[in-house]
Undergrad: 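Take this structure, written in structure tokens, and hold onto it; I'll ask about it next.
Counting starts at 1 for both ligands and their atoms, following the listed order. Remember, it's a predicted structure, so these values are computed and weren't measured experimentally.
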Amino acid sequence: MKTLNALLGAVAALSLFAASANAQTYPERSITMVVPFSAGGPTDTVARLVAESMSKDLGQQIIVENVGGAGGTLGAGRVAQADPDGYTVLLHHIGMATSATLYRKLAYDTLNAFEYVGLVTEVPMTIVARKDLEPADLKGLVEYAKANKDTVTVANAGIGAASHLCGMMFMSAIETPLTTVPYKGTGPAMTDLLGGQVDIMCDQTTNTAKQIQGGTIKAYAVTSPERLKVFPDLPTTTEAGLPNLQVGIWHGVYTPKGTPADVNERLSKSLQVALKDPNVVARFGELGTLPSSEADATPAALKAKLEGEITRWKPVIEAAGQYAD
Ligand code: ASP
């Protein structure tokens with residue numbers, strides 16, 4: 001028994017040594033950042049900006065890999081199963097919290113399958129439509145949607161996506177169910193909105209800002225409590241008559257469960273550097289969002305956020321009674 005204990009002690013000491021030796025030299029090769037939505041969409045845009053800046057700080061390339069589908073749960077599942085060595089990370093949004101209740105069967109246990117790096121940003125949503133949709137304002141859009149409820153289509157990035165959540169909030173606010181059209185991300189959904197194949201979408205400013213400013217889509221309202229500097233003329237949902245439709249899409253970086261704490265800390269420090277990078281700050285500003293504070297870009301803040309948001313959204317989703325398998 002004594003020998004066994006001594007042996008176990010030696011193994012534990014060795015693995016501790018290995019973990020800290022890893023952290024001192026980490027990273028020694030490129031890191032994969034999984035984005036659980038299509039390339040060219042809002043999450044991808046945020047990820048690529050942050051990854052580029054973190055790569056400089058870490059001295060190794062962070063390669064973004066898009067694993068879209070099932071509202072972000074496929075990509076999250078992929079990271080849950082990856083080696084916990086710091087070379088696979090996940091950048092996901094609020095869907096990490098809502099999918100924990102929305103999906104009856106998830107391939108991973110949300111609160112036990114990941115370690116935390118930190119919060120990245122919180123992005124407002126915008127209610128937008130194809131350019132030639134008739135209504136001129138949100139009130140008109142609500143009347144139009146009610147009058148044409150059998151034909152109006154709402155694009156989203158699948159159950160668990162931010163666009164799905166916001167679309168559901170819109171339908172619930174106007175008490176009218178509409179036909180939803182799922183994509184692997186709102187990047188391709190935007191292409192169809194521009195082409196006039198779908199009518200409405202509620203999507204993050206990180207995907208809509210350029211189109212709104214270019215006049216290629218119609219914008220009705222922003223879901224933040226205040227108007228945004230990037231579109232000062234766009235009313236908030238509260239001003240435009242739907243005060244219950246307020247939501248911010250927070251993003252976080254995760255690693256697989258078992259990733260050494262000092263590796264997560266290293267990633268977190270790098271995330272903090274990226275969020276102060278003048279280029280990142282400027283681009284975020286143009287896209288209608290702000291970088292998270294240094295205190296929020298930490299493992300503890302992201303853990304608390306995820307836990308709080310799972311608790312916050314659970315009763316809302318249960319009341320809506322719509323689940324995915
Ligand atoms: N974040 C998704 C994307 O990047 C869209 C969504 O969640 O609605 O495509």
Undergrad: Can K210 and E286 be counted as an ion pair, charged N to O under 4.0 angstrom?
TA: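 No, this pair does not count.
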Undergrad: So if you build clusters from Ile, Leu, Val, Met, Phe, Trp, Tyr with side-chain heavy-atom gaps below 4.5 Å, do I94 and L102 land together?
TA: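 In one cluster with I94: L102, yes.
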Undergrad: For the side chain of T205 and the backbone of L287, is there at least one donor-acceptor N/O pair under 3.5 Å apart?
TA: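 Between the backbone of L287 and the side chain of T205 there is a qualifying donor-acceptor contact (under 3.5 Å).
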Undergrad: Got the closest protein heavy atom to atom 4 (O) of ligand 1, with its distance?
TA: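 Protein heavy atom with the smallest distance to atom 4 (O) of ligand 1: T43 OG1, 2.9 Å.
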Undergrad: Among all protein non-hydrogen atoms, which one is nearest to atom 8 (O) of ligand 1, and what is the separation to 0.1 Å?
TA: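 Here the closest protein heavy atom is S163 OG, 2.5 Å.
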Undergrad: With a 4.0 Å cut-off on heavy atoms, does G95 reach ligand 1?
TA: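 Judged by the 4.0 Å heavy-atom criterion, G95 does not count as contacting ligand 1.
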Undergrad: Check this for me, if you would: do D277 and R283 make a salt bridge, where the nitrogen-to-carboxylate-oxygen distance has to be below 4.0 angstrom?
TA: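 Answer for the salt bridge query: no.
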Undergrad: Could you work out, with side-chain hydrogen bond (donor to acceptor under 3.5 Å, both in side chains) as the rule, every residue matching E265, not counting sequence neighbours?
TA: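 For E265, no residue satisfies side-chain hydrogen bond (donor to acceptor under 3.5 Å, both in side chains) once neighbours in sequence are set aside.
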Undergrad: Please report the shortest heavy-atom distance between W313 and T98, naming the atom on each side.
TA: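 Distance-wise, the nearest heavy atoms are CG-CG2, 3.8 Å.
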Undergrad: Applying a heavy-atom cut-off of 4.0 Å, say which part of H93 lies close to ligand 1: side chain, backbone, both or neither.
TA: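 Near ligand 1, H93 shows its side chain, while the N, CA, C and O stay back.
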Undergrad: Out of curiosity, is K184 lining ligand 1, as in a heavy atom under 4.0 Å away?
TA: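 No, K184 has no heavy atom closer than 4.0 Å to ligand 1.
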Undergrad: Considering only protein heavy atoms, which is closest to atom 5 (C) of ligand 1, and at what distance to one decimal place?
TA: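 Of the protein heavy atoms, T186 OG1, 3.3 Å lies nearest.
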Undergrad: Output the list of atoms in ligand 1 that are nearer than 4.0 Å to some heavy atom of G185, sorted by atom number.
TA: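 Those atoms are 9 (O).
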